[in-house]
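Take a look at the structure set out below.
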Amino acid sequence: MEMPMFIICATIFSLLISANFGQSTSDESNLRLRSPGETLCSRLIKPAGYPCTEHTIQTKDGYLLALQRVSSRNGNLRLQSSSPVLLQHGLFMAGDAWFLDAPEQSLGFILADQGFDVWVGNVRGTFWSYGHVSLSERDKEFWDWSWQELALYDLAAMIHHIYSTTNSKIFAVGHSQGTIMSLAALTQPNIADMVEAAALLCPISYLEHISAPLVLRMVGVHLDQMVQAMGIHQLNFRSQILINLLDSLCDGHFECNDLLTSITGHNCCLNSSHVALFFEYEPHPSSTKNLRHLFQMIRRGTFSQYDYGILKNLRLYGQVEPPAFNLSLIPKSLPIWMGYGGYDALADVKDVEHTLKELQSKPELLYLENYGHIDFLMSVQGKDDVFHHMIAFFRSIEKFTSS
């Protein structure tokens with residue numbers, strides 16, 4: 001039997017009170033996944049035999065982000081024959097998400113071995129990035145951002161750095177939140193001009209038809225607003241308070257034994273070792289404000305900037321409602337490829353179709369009926385089912401631009 005809503009809210013409230021309005025000192029050890037001096041290159045990429053260099057870039061609002069540059073294990077960066085590719089991860093993930101399978105199956109390694117100049121993005125707040133020029137991760141101001149800033153500051157800075165370093169337009173690849181960031185950023189001419197083409201895995205701009213059980217439960221109890229009101233600004237699901245909070249949401253309400261399924265929907269093609277490795281590296285932290293922005297999208301069916309309420313909206317935006325990101329502003333001439341699945345409970349087919357209606361162009365589409373949200377990253381058949389199609393799309397663009 002489903003527990004009454006007020007009991008759920010009371011349970012969450014008591015958990016938040018016990019946290020003394022934020023992460024306790026005992027949770028600070030959970031803030032970092034990496035050891036001092038450890039990098040994504042040293043942890044995951046170089047041990048697989050791939051040359052990898054670390055780059056640190058600064059956003060306009062002072063965040064220090066890590067970018068990794070990866071080349072083929074059979075060559076070096078100077079011998080890469082194809083275009084630069086930026087891989088942008090999803091929510092509660094980081095750049096490690098592209099390398100969690102064997103080299104022959106992981107998109108980051110596959111692209112490098114195909115001769116692409118691979119760059120790996122890590123947004124603010126993730127374990128592999130490096131903080132801020134003046135703010136500490138313990139400061140609430142450090143976490144005052146949503147995917148809106150990730151798109152217009154983080155992704156913009158990554159694209160500009162790669163473009164200026166390579167003197168070449170970029171193939172932009174995103175998964176999940178990485179596609180929200182990409183679609184929002186590409187409505188800005190100064191960013192779109194540096195992008196050769198975009199490939200979007202589980203593309204999201206609208207979330208009206210989301211069906212993931214645990215996410216809907218969080219939306220239903222207004223978890224985002226409660227957590228924010230209680231002064232928790234960082235969402236770090238490796239901290240004890242948020243582990244307890246997930247337990248309270250699951251216990252007695254619905255099946256949470258398969259946590260991944262309850263968040264993303266059914267995935268057809270993962271094995272147990274994949275899932276174990278996934279949870280070794282994920283989740284990475286994000287901000288409460290980011291979750292609230294996403295929940296605003298779910299509740300209202302919009303693809304808009306963050307809603308601060310009438311008074312602050314008027315002050316910041318000059319209007320009562322936050323401005324929408326206008327997908328028709330993405331250049332019609334920009335080639336787009338999209339891969340999406342019938343079992344994806346986050347990037348629902350109806351919402352993908354809504355996105356397609358608003359674009360000027362007609363993207364090249366790959367629809368896999370039995371695929372779920374994480375399958376597009378880590379399916380045991382992903383190389384043949386997904387990645388070869390994406391690479392063929394990139395090759396067709398390269399052939400066209402070089403002719």
Side-chain angles (χ1 to χ4, degrees), residues 40 55-68 86-98 119-133 135 137 140-162 170 172-188 190-192 194-195 198 200-207 224 228 233-237 282-298 302-308 316 322-325 327 330 346-347:
L40 179 52
H55 298 248
T56 303
I57 61 172
Q58 182 176 324
T59 66
K60 287 183 179 180
D61 53 349
Y63 289 86
L64 301 173
L65 311 179
L67 273 173
Q68 291 78 34
L86 171 62
L87 301 176
Q88 185 53 59
H89 61 80
L91 178 65
F92 298 124
M93 299 183 192
D96 44 52
W98 305 103
W119 294 76
V120 186
N122 302 269
V123 302
R124 62 186 67 185
T126 53
F127 294 126
W128 302 115
S129 282
Y130 299 104
H132 191 276
V133 294
L135 296 173
E137 292 174 6
K140 69 177 183 179
E141 294 83 6
F142 181 92
W143 301 98
D144 185 19
W145 48 266
S146 75
W147 60 260
Q148 181 175 319
E149 284 75 27
L150 301 185
L152 302 182
Y153 294 140
D154 291 28
L155 187 57
M158 294 174 194
I159 289 173
H160 185 269
H161 177 82
I162 298 168
I170 298 147
V173 178
H175 174 253
S176 191
Q177 180 184 258
T179 71
I180 300 175
M181 293 166 56
S182 298
L183 289 166
L186 290 171
T187 65
Q188 312 299 305
N190 61 318
I191 300 176
M194 295 182 284
V195 176
L200 308 178
L201 296 164
C202 311
I204 295 172
S205 62
Y206 293 95
L207 288 166
D224 53 320
Q228 190 174 59
H233 304 284
Q234 178 198 175
L235 289 179
N236 177 18
F237 285 99
E282 324 305 331
H284 288 252
S286 190
S287 71
T288 301
K289 184 176 179 180
N290 190 27
L291 191 71
R292 188 168 186 184
H293 195 175
L294 292 165
F295 284 10
Q296 287 175 358
M297 296 166 66
I298 295 170
T302 57
F303 183 45
S304 300
Q305 298 187 43
Y306 187 86
D307 189 352
Y308 291 93
L316 291 178
F325 284 100
L327 291 171
I330 298 176
L346 297 176

Check whether [X] reaches the backbone of [Y] with its side chain - one donor and one acceptor, N or O, closer than 3.5 Å.
X	Y	answer
T179	S176	yes
Q296	D307	yes
E149	S146	yes
T187	F325	no

Could you check whether any side-chain heavy atom of [X] comes within less than 4.5 Å of a side-chain heavy atom of [Y], counting everything from C-beta outward?
X	Y	result
V173	W98	yes
M158	Q88	yes
L183	L200	yes
V123	S129	no
T288	W143	no

Margin query: Working note: Q177 + N290, criterion side-chain hydrogen bond (donor to acceptor under 3.5 Å, both in side chains); need CA distance, chi angles, decisive distance, verdict.
Written below: CA-CA 10 Å; Q177 180 184 258; N290 190 27; 2.8 Å; yes
Next item on the list: Would you kindly say whether D96 and W128 are connected by a side-chain donor-acceptor distance under 3.5 Å?
Entry: yes
Check: Got a sec, which residues hit side chain to side chain contact (heavy atoms under 4.5 Å, CB included) with A97, two or more places apart in sequence or on another chain?
Finding: M93, E282, L377
Next item on the list: Anything under 30° is parallel, anything over 60° is perpendicular, the rest tilted; go ahead and classify F127 against H284.
Entry: tilted
Check: Which class fits the ring pair W147 and H293: parallel under 30°, tilted 30 to 60°, perpendicular over 60°?
Finding: parallel
Note to self: Would you say NE2 of H160 has more than 12 non-hydrogen atoms from neighbouring residues, nucleotides or ligands within 6.0 angstrom?
What the structure shows: no
Next item on the list: Identify the heavy atoms of A151 and A185 that sit nearest to each other, and give their distance.
Entry: O-CB, 3.7 Å
Item checked: Evaluation steps, ring pair (Phe, Tyr, Trp, His ring centres under 6.0 Å), between F142 and Y63 -> CA-CA 9 Å; F142 181 92; Y63 289 86; 5.2 Å; yes
Check: L346 and C202: side chain to side chain contact (heavy atoms under 4.5 Å, CB included), yes or no, with the steps?
Finding: CA-CA 8 Å; L346 297 176; C202 311; over 6 Å; no
Check: In this structure, which one of L86, L65, L150 forms a side chain to side chain contact (heavy atoms under 4.5 Å, CB included) with L155?
Finding: L86
Margin query: Can you list everything that forms a ring-ring contact (aromatic ring centres under 6.0 Å, His included) with H175? Sequence neighbours excluded, please.
Written below: H373
Item checked: Step-by-step side-chain hydrogen bond (donor to acceptor under 3.5 Å, both in side chains) determination, Q68 to N122 -> CA-CA 9 Å; Q68 291 78 34; N122 302 269; 2.8 Å; yes
Notebook entry, point to check: Do Y306 and K289 pass the side chain to side chain contact (heavy atoms under 4.5 Å, CB included) test, and can you show the C-alpha distance, the side-chain angles, and the key distance before you say yes or no?
Noted result: CA-CA 9 Å; Y306 187 86; K289 184 176 179 180; 3.5 Å; yes
Item checked: I180 vs Y206, side chain to side chain contact (heavy atoms under 4.5 Å, CB included): CA-CA, chis, key distance, verdict -> CA-CA 9 Å; I180 300 175; Y206 293 95; over 6 Å; no
Checklist line | Ionic contact status for R124 with D61, cut-off 4.0 Å | finding: yes
Next item on the list: Start with the C-alpha gap between D144 and S287, add the side-chain angles, then the distance that decides, and say whether side chain to side chain contact (heavy atoms under 4.5 Å, CB included) holds.
Entry: CA-CA 7 Å; D144 185 19; S287 71; over 6 Å; no
